[in-house]
Asks: 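Dropping a structure here in structure tokens format, bear with me for questions.
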Amino acid sequence: MANILKKIKKKRKKRELQARKESQEHLRAAGKADGQEDYHKKLQRHRHAAMRRTLIAMGAVAAAVALIFVYIEKRSYRNYRILQTSEQEDVVSTNYEEMDGGILRYSPDGASLVNGNMEASWSVLYEMQNPEADVNGDKAVIADIDGTTLEIFDSEGETGSVTTSYTIVKARISESGLVAAILDGGDSAWINYYDSDGTLLVENQTHVEDPGYPMDVALSDSGSIMMVTYQFVDGSNTTSYVAFYNFGDVGQNEDDRIVSGYTYEGVVIPQVEYLDASRAVALRDDGFTVYDGQQIPKESASVEVEEEIVSTFIGENAIGMVFKNEDGNEDEAYTMNVYSASGGLRFSKSFNIPYTSIKISGDSILLYNDSQICVYNSRGVLKYNGTVDGSINDFIKTGWNRYLLVMDNGVSVIKFS
């Protein structure tokens, strides 16, 4: 009996020890779980704090960049300094055009492509009487106006040369290197189309009666669309006709390959231009019309003005017009309106600068006469207005705050300060 009681006590003690052990293990497990939970909470809090610090830092950087941008955007300059001067330039007979990040320098004797330091990457000789250049990206054509010579170039040098059958009125080049030229044939005019090597691709004879005398021509980036503005007299009214020729598959079944055309009665359209791959603009004597479409261009926007237009200028996705104010305010003799390619007014600016030339160069609007230069940015902020020593022949933007100033005694690279 005593042995049985001992065994029962022994088993009971064993069960108590086991229960105590399990209880301790359970407590240890619970404590471990609580610790892991605390660890995950701390890690999550750390990550959130790190993210907040990163966002705050990014916000501070963005704010700093925005402030710098606003400062640069609104900053005006009072002086300029000359970085480099070349006094060996024959500026009397030499002209300059922006081309592929450099400058196309051309004269009756030849052409060269130079960088901002006036160092030439190539040079080509030819003979012309009245050279006029058209540049599109890294392509250029130089035409002897009233002569018969066309020279075609890219960033590597000359790609083709043409001797035309009739005298040249105007020549334009596409981004792809195709060239369109208006030729004066006496009783009729010709609009010829050339490959970049000078090969004649298309001849198009026009008559004064129908569709009129060609005033200007423009090419799409691909060169497959040619835009021509004609002018003719209908009774006592001057009428303009804008035609789009498609030299691709879309135009092969159309008469004379004209895929769309628009008539404007009582309006003179002296200039047409492509703004980008699909949009073109016709500058009228009472405003402008924008056309959109890569294959069959259609009218997409039109702006008419009542004021007399003194000057026009065109840049990438920007159309500018200057009007003379008639209110007698000497401080605001002119008003400049700049529009987007969709016809919306970007800004309007009044000024009193007796300019002789105005153009978009790079992302800036440049005005100048023989002794004064003026620069506006693309948002209408005046960046510089001042006089220079000497007589100005040309003024070109070549980089950020770098300009080429062509004077009667040489060429200088300047920077505003």
Asks: Quick one: do the Ser391 and Asp370 side chains pair a donor with an acceptor below 3.5 Å?
Replies: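 The answer is no; no qualifying pair exists.
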Asks: Can you check whether Ser222's main-chain N or O pairs, donor with acceptor, with Ser176's side chain at less than 3.5 Å?
Replies: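 Present.
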Asks: Would a 4.5 Å heavy-atom cut-off, applied to side chains only, mark Thr148 and Tyr166 as touching?
Replies: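 Side chain of Thr148 against side chain of Tyr166, heavy atoms only: no contact under 4.5 Å found.
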Asks: With sequence neighbours excluded, tell me which residues meet ring-ring contact (aromatic ring centres under 6.0 Å, His included) with Tyr403.
Replies: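 With neighbours one apart ignored, the set is Phe395, Phe416.
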Asks: For a quick test of reading the model, state the closest non-hydrogen atom pair linking Pro297 to Ile225 and the distance between them.
Replies: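 It is CG-CG2, 4.3 Å.
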Asks: Pairing donors with acceptors under 3.5 angstrom, does anything connect the side chains of Arg284 and Ser302?
Replies: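 The answer is yes; a qualifying pair exists.
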Asks: Specify the closest pair of heavy atoms between Glu151 and Ser161, including all atoms of both residues, with the distance to one decimal.
Replies: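 For Glu151 and Ser161, the tightest heavy-atom pair comes out as OE2-OG, 3.1 Å.
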Asks: Would you name the heavy atoms of Gly186 and Asp184 that are closest together and state the gap between them?
Replies: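 Shortest heavy-atom contact: N-OD1, 3.0 Å.
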Asks: Locate the shortest heavy-atom distance separating Ile360 from Ile314; write the atom from each residue and the value.
Replies: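 The pair with the smallest heavy-atom distance is CD1-C, 3.9 Å.
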Asks: Can you give me the closest heavy-atom contact between Tyr291 and Glu299, atom names plus distance?
Replies: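 So the two residues come closest at CE2-CG, 3.6 Å.
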Asks: Determine, using ring centers only, whether Tyr213 and Phe232 are less than 6.0 Å apart.
Replies: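 No, too far apart.
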Asks: Is there a side chain to side chain contact (heavy atoms under 4.5 Å, CB included) between Arg402 and Leu83? Walk through the geometry before answering.
Replies: CA-CA 9 Å; Arg402 290 172 66 95; Leu83 303 180; 3.2 Å; yes
Asks: Using a distance-only test with no angle check, is there a side-chain donor-acceptor pair under 3.5 angstrom linking Ser417 and Asn79?
Replies: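 There is no such pair between these side chains.
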Asks: Does atom CD (Glu127) have a neighbourhood of more than 12 heavy atoms from anything else shown, all under 6.0 Å?
Replies: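 No - once you tally the heavy atoms of other residues, nucleotides and ligands closer than 6.0 Å, there are 12 at most.
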Asks: Nearest heavy-atom pair of Ile168 and Asp144: which atoms, and what distance?
Replies: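 Minimum heavy-atom contact is CB-O, 3.8 Å.
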Asks: Enumerate donor-acceptor pairs with a distance under 3.5 Å from any side-chain N or O in residues 197-207 to protein atoms, sequence neighbours excluded.
Replies:
residue	atom	partner	partner atom	Å
Asp197	OD1	Thr199	N	3.0
Asp197	OD1	Thr199	OG1	2.9
Asp197	OD2	Thr199	OG1	3.4
Gln205	NE2	Ser188	OG	3.0
Thr206	OG1	Ala189	O	3.2

Asks: Return yes if a side-chain donor-acceptor contact under 3.5 Å exists between Lys397 and Ser364, otherwise no.
Replies: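 Lys397 vs Ser364: donor-acceptor pair found between side chains.
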Asks: Flag the pair Met215 / Val272 as yes when at least one side-chain heavy-atom distance between them is below 4.5 Å, and no otherwise.
Replies: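 With C-beta onward as the side chain, the pair stays apart.
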Asks: Side chains of Gln231 and Thr238: is there a donor and an acceptor less than 3.5 Å apart?
Replies: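 Note: Gln231 and Thr238 side chains miss the donor-acceptor criterion.
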Asks: Check the side chains of Asn246 and Gln295 for a donor-acceptor pair under 3.5 angstrom, ignoring hydrogens and angles.
Replies: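 Short answer, yes.
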Asks: Count the heavy atoms of every other residue, nucleotide or ligand shown that sit under 6.0 Å from CD of Gln252, and state whether that count exceeds 12.
Replies: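 Enclosed.
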Asks: Give the C-alpha distance, both sets of side-chain angles, the deciding distance and a yes or no for ring-ring contact (aromatic ring centres under 6.0 Å, His included) between Phe351 and Tyr334.
Replies: CA-CA 5 Å; Phe351 63 92; Tyr334 301 96; 5.5 Å; yes
Asks: Test side chain to side chain contact (heavy atoms under 4.5 Å, CB included) on Tyr245 and Val259 and set out the steps.
Replies: CA-CA 6 Å; Tyr245 297 80; Val259 291; over 6 Å; no
Asks: Does any donor atom in the side chain of Asp276 or Tyr274 lie under 3.5 Å from an acceptor atom in the other side chain?
Replies: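 Distance-only check fails for Asp276 and Tyr274.
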Asks: Taking atom types as modelled, find out whether Ser350 and Thr335 have a side-chain donor-acceptor pair closer than 3.5 angstrom.
Replies: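 Yes - a donor-acceptor pair under 3.5 Å links their side chains.
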Asks: Salt bridge check, Lys359 against Asp394: does any charged N sit closer than 4.0 Å to a carboxylate O?
Replies: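 Yes, this pair counts.
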Asks: Would you call Asp216 and Lys170 a side-chain contact if the rule is heavy atoms closer than 4.5 Å?
Replies: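 Contact flag for Asp216/Lys170 side chains = yes.
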Asks: From Ser93 OG over to Asp109 CG, what is the distance, rounded to the nearest 0.5 angstrom?
Replies: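 Spacing of OG (Ser93) from CG (Asp109) equals 6.5 Å.
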Asks: Decide if atom CG of Asp255 counts as having more than 12 heavy atoms of other residues, nucleotides or ligands within a radius under 6.0 Å.
Replies: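 Counting neighbours around CG of Asp255, 12 or fewer heavy atoms of other residues, nucleotides or ligands fall under 6.0 Å, so no.
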Asks: Look at the side chain of Thr94 and the backbone N and O of Tyr106, then say whether any donor-acceptor pair between them is shorter than 3.5 Å.
Replies: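 Side chain of Thr94 to backbone of Tyr106, a donor-acceptor pair under 3.5 Å: no, none is there.
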Asks: If I take atom CG from residue Asp100 and atom CD from residue Glu156, how far apart are they, to the nearest 0.5 angstrom?
Replies: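 Rounded to the nearest 0.5 Å, the CG-CD separation comes to 9.0 Å.
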Asks: Side chain to side chain contact (heavy atoms under 4.5 Å, CB included), that's the test. Do Tyr264 and Thr239 meet it? Break it down for me.
Replies: CA-CA 6 Å; Tyr264 303 91; Thr239 301; 5.9 Å; no
Asks: Taking atom types as modelled, find out whether Tyr355 and Ser311 have a side-chain donor-acceptor pair closer than 3.5 angstrom.
Replies: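 Short answer, yes.
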